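Owing to the predicted nature of the structure, the values given are computational and were not obtained by experimental measurement. Letters A, B, ... are given to chains in the order of the sequence lines, protein chains preceding strands, and every chain is numbered from 1. Heavy-atom basis, side chains included; hydrogens, waters and symmetry copies ignored.
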Amino acid sequence: MEVRVRFAPSPTGFFNLGNARTALFNWLYAKHVGGKFLLRIEDTDKERSKKEYEKNIIEGLEWLGLEWDKKEFSRQSERLDVYEKYLTKLLKEDKVYYCFCTAEELEFERQAQLTQGLPPKYSGRCRNLGEEEANKRLKSERAVIRLKMPEKTISFNDVVRGRVEFNTALIGDIIIAKNLRDPLYNFSVVVDDHEMKITHVIRGEDHLSNTPKQIALYEIMGFEHPIFAHLPLLLGPDKKKLSKRFADVALMDYKKSGFLADAMVNFLGLLGWHPQEDREVLNREELVAEFELKRVQKGGAVFNPEKLEWLNAHYIKLLKVDELAELLKDYVPKDWSAKKDLFKRIIAVEKDRTRKLSDFKNSAQFFFEVPDYDKKMLAWKNTEGDKIINNLKLVLNVVQGVDDDESFRTNAEREIMLVTNKEGRGEVLWPLRVALSGRENSPGPFEIIQAIGKEETVKRIENAIKKLS
RNA sequence: GGCCCUAUCGUCUAGUGGCUAGGACACAGCCUUCUCAAGGCUGGAACAGGAGUUCGAUUCUCCUUAGGGCUACCA
């Protein structure tokens, strides 16, 4: 049988890391077994669902490269007829009933139960109202639809957790719809997973306690339930469900701050799952090839931003200069990327030093404009002023004598190294590098020379000499 | 409170009835070196506790403890 999984987010907030991980695991599983990955927007909550969030979710999935089957894309808000059909049927079969209890009454009841140490559960007051009375009251009163929850033990085999058991007597008659055209989550999810022929429901552990409610629904409607796999939660450093308090939770914020989709996918894939071997770096194809639901971890995973950064740096190193240039365009001033050749030469130098795309603007700034630096910075350890000027002049002289062609850097380097042989490496290279970068820390002088070329090199050395004179 | 889930270095994790308990991030040191990165090498660092089963438990069972999730006319 073809495996069919779905990612079913509700557009009530920005697409976050936890959801992204859930989507990824669904996608990886589908890809691994050659099944289908579907996207279903669960927008039954009219108040909280926003188009803006739906767009953000789709944007995020696209960024990560998690392709879903476009033909079978669906929105619950567009399937109200389907839910109504099932609801009507259940009503007719007396499997569900109208409940006229008000929210206030319910709240009062719940509080009373709670203070007595009882599990909060609906009393079942409206359960046996009878069709006639229900229909009468329906004309003037507001009502919700409740499931006649059978009292029994429901157990299921979770792929990651093994056997899990619940006693429905503790759950009670849950509300499955506000009315015929207003279904609630536990109901619509069951109808849709059935209609969409979902074989595996892979979702966060926070849904574990919803599962018995849904299984009860499956049984009552005469459907076979899918296989469940509940993923461990993504945790913050406080070990609680990851929240904005400790990190960006919105996926696209990571794109904004310069993370690569490849790094994100690799990182998320390792949160709660691990391949058999001691491997940490796996690209999309490798993840797909290795992924197994049985290897999913049971315990929650603390989100570790350092490792994400390390992976990001790794994937940046793997990129070709041209690819990186393309990605970097959105993170630097327009006139930088406009100077194509210079831009690429700089990228070649900075690539291994870049952890996030957003770092680049700061670290590469000096290539375009030397910051105003203190002349004291030009001194290597205790070298005297005259000596520094002298060394810079020697270098300047040598550089000016080198032809400005493709081999400029190589030739300049060779000539300058000749100077260092006599004057000392630090004594020559340090002031040179500071003159070229205006910074205490920077790439090496020859790397800079390679990027900025002869003319600019000469200019910067002359400026340094001027500063000292 | 009730129900459910979980428990290996700080973090992500591998692993087994007998191992010097492995890897990665982070951290420290060294090498390289004009500085910073990158890279290479090395190091410190863990089986929550208590019973039981067993010749032997980190591994199996139970209890305790700790953490987490759920407990909506949200999903």
Touch class at under 4.0 angstrom, heavy-atom based, for A:Glu165 against every strand present: sugar-phosphate
Distance below 4.0 Å between A:Thr44 side-chain N/O and B:A75 OP1 or OP2: yes
Residue A:Val164, side-chain atoms from C-beta onward, closest of B:C5, B:G39, B:C34: B:C5
Base B:C36 paired with A:Arg353 side chain (donor-acceptor, <3.5 Å): yes
Watson-Crick or G-U counterpart of B:C55, or none if no pair lies under 3.5 Å: B:G18
Contact nearer the 5' end of RNA chain B, comparing A:Met417 with A:Ala103: A:Met417
Closest to the A:Asn441 side chain, choosing from B:G69, B:G1, B:C36: B:C36
Inter-nucleotide C1' distance (B:C9, B:C25), Å rounded: 12 Å
Closest nucleotide among B:C70, B:C3, B:U35 to the A:Phe166 side chain: B:C3
C1'-based separation of B:C60 from B:C47 [nearest Å]: 15 Å
Minimum-distance nucleotide to A:Leu208 side chain [options: B:C5, B:U35, B:C3]: B:C5
side-chain N/O A:Lys239 vs B:A7 OP1/OP2, d < 4.0 Å: no
Sugar-phosphate, base or nothing in reach of A:Glu440, heavy atoms under 4.0 Å: base
Sugar-phosphate only, base, or nothing, as touched by A:Pro445 at under 4.0 Å among non-hydrogen atoms: base
Identified salt bridge (charged side-chain N to carboxylate O under 4.0 Å, His left out) counterpart of A:Asp173 within the set A:Arg127, A:Lys148, A:Lys121: A:Arg127
Integer-rounded Å distance: B:C25 C1' and A:Leu270 CG: 11 Å
Nearest-angstrom distance, P atom, B:U16 to B:U61: 15 Å
Closest-nucleotide ordering on RNA chain B, the 5'-leading residue of A:Leu170 and A:Lys240: A:Leu170
Touch class at under 4.0 angstrom, heavy-atom based, for A:Val144 against every strand present: base
A:Leu432 CG - B:U35 P separation (whole Å): 14 Å
Residue-phosphate contact under 4.0 Å: A:Lys351 side-chain N/O, B:A37 OP1/OP2: no
Under-4.0 Å side-chain N/O to phosphate OP1/OP2 contact, A:Lys46 with B:C74: no
Parallel, tilted or perpendicular: rings of A:Phe100 and A:Tyr98 (30°, 60°): tilted
Between A:Ser363 and A:Arg355, a side-chain donor and acceptor under 3.5 Å: no
Distance, P atom - from B:A7 to B:C62, rounded to whole angstrom: 14 Å
Modelled atom types, side-chain donor and acceptor of A:Asn463 and A:Arg460, under 3.5 Å: no
Nearest-Å distance once atom P is located in both B:A45 and B:G40: 24 Å
Span that lies between the P atom of B:A51 and that of B:U58, in whole angstrom: 12 Å
Any N/O donor-acceptor pair, A:Arg425 side-chain to B:C34 base, under 3.5 Å: no
Euclidean distance, atom CG of residue A:Leu231 to atom P of B:C12 [Å, nearest integer]: 16 Å
Nearest listed nucleotide, side chain of A:Arg355, among B:C3, B:A38, B:C36: B:A38
Atom pair distance, as rounded to whole Å: CG in A:Leu234 and C1' in B:U11: 13 Å
Selection from B:G39, B:U35, B:G1 that lies nearest to any side-chain heavy atom of A:Pro120: B:G1
B:C34 pairs with, by Watson-Crick or G-U criteria that keep both distances under 3.5 Å: none
Watson-Crick or G-U counterpart of B:C3, or none if no pair lies under 3.5 Å: B:G69
Sugar-phosphate, base or nothing in reach of A:Arg48, heavy atoms under 4.0 Å: base
Atom-to-atom span, CD of A:Gln116 to C1' of B:U71 - whole angstrom: 17 Å
Under 4.0 angstrom between A:Arg295 side-chain N/O and B:G15 OP1 or OP2: yes
Separation between the C1' atoms of B:G67 and B:U33, rounded to whole Å: 47 Å
B:A28 - base-pair partner by Watson-Crick or wobble geometry, distances under 3.5 Å: B:U42
A:Lys50 and A:Glu52 ion-paired at < 4.0 Å: no
A:Asn210 (side chain) and B:A75 (base): donor-acceptor pair under 3.5 Å: yes
Ring centres under 6.0 angstrom apart (A:Trp27, A:Phe7): no
A:Glu280 side chain, from C-beta outward: closest of B:C34, B:C5, B:G23: B:G23
A:Glu205, nearest nucleotide to its side chain (from B:G22, B:C34, B:G68): B:G68
Residues A:Glu384, A:Lys387: salt bridge by 4.0 Å N-O rule: no
Residues A:Asp372, A:Lys467: salt bridge by 4.0 Å N-O rule: yes
Sugar-phosphate, base or nothing in reach of A:Asp278, heavy atoms under 4.0 Å: base
B:G22 versus B:C5 - spacing of their P atoms, nearest Å: 32 Å
Base B:C36 to side chain A:Arg439, donor-acceptor N/O within 3.5 Å cut-off: no
Interatomic distance, A:Lys381 NZ vs B:U33 P [rounded to whole Å]: 13 Å
Closest to side chain of A:Gln297, choosing from B:U13, B:G23, B:C73: B:U13
Nearest-angstrom distance from the residue atom CG of A:Leu233 to C1' of B:U6: 11 Å
Length of the CG-P vector between A:Leu311 and B:C25, whole Å: 9 Å
A:Lys178 vs B:C74: side-chain N/O to OP1/OP2 distance below 4.0 Å: yes
A:Arg353/A:Glu447 salt bridge by N-O under 4.0 Å criterion: yes
Selection from B:U6, B:A75, B:A72 that lies nearest to any side-chain heavy atom of A:Lys298: B:U6
A:Asp359 side-chain N/O to A:Thr354 backbone N/O, donor-acceptor pair under 3.5 Å: no
Side-chain N or O of A:Trp310 closer than 4.0 Å to phosphate OP1/OP2 of B:C25: yes
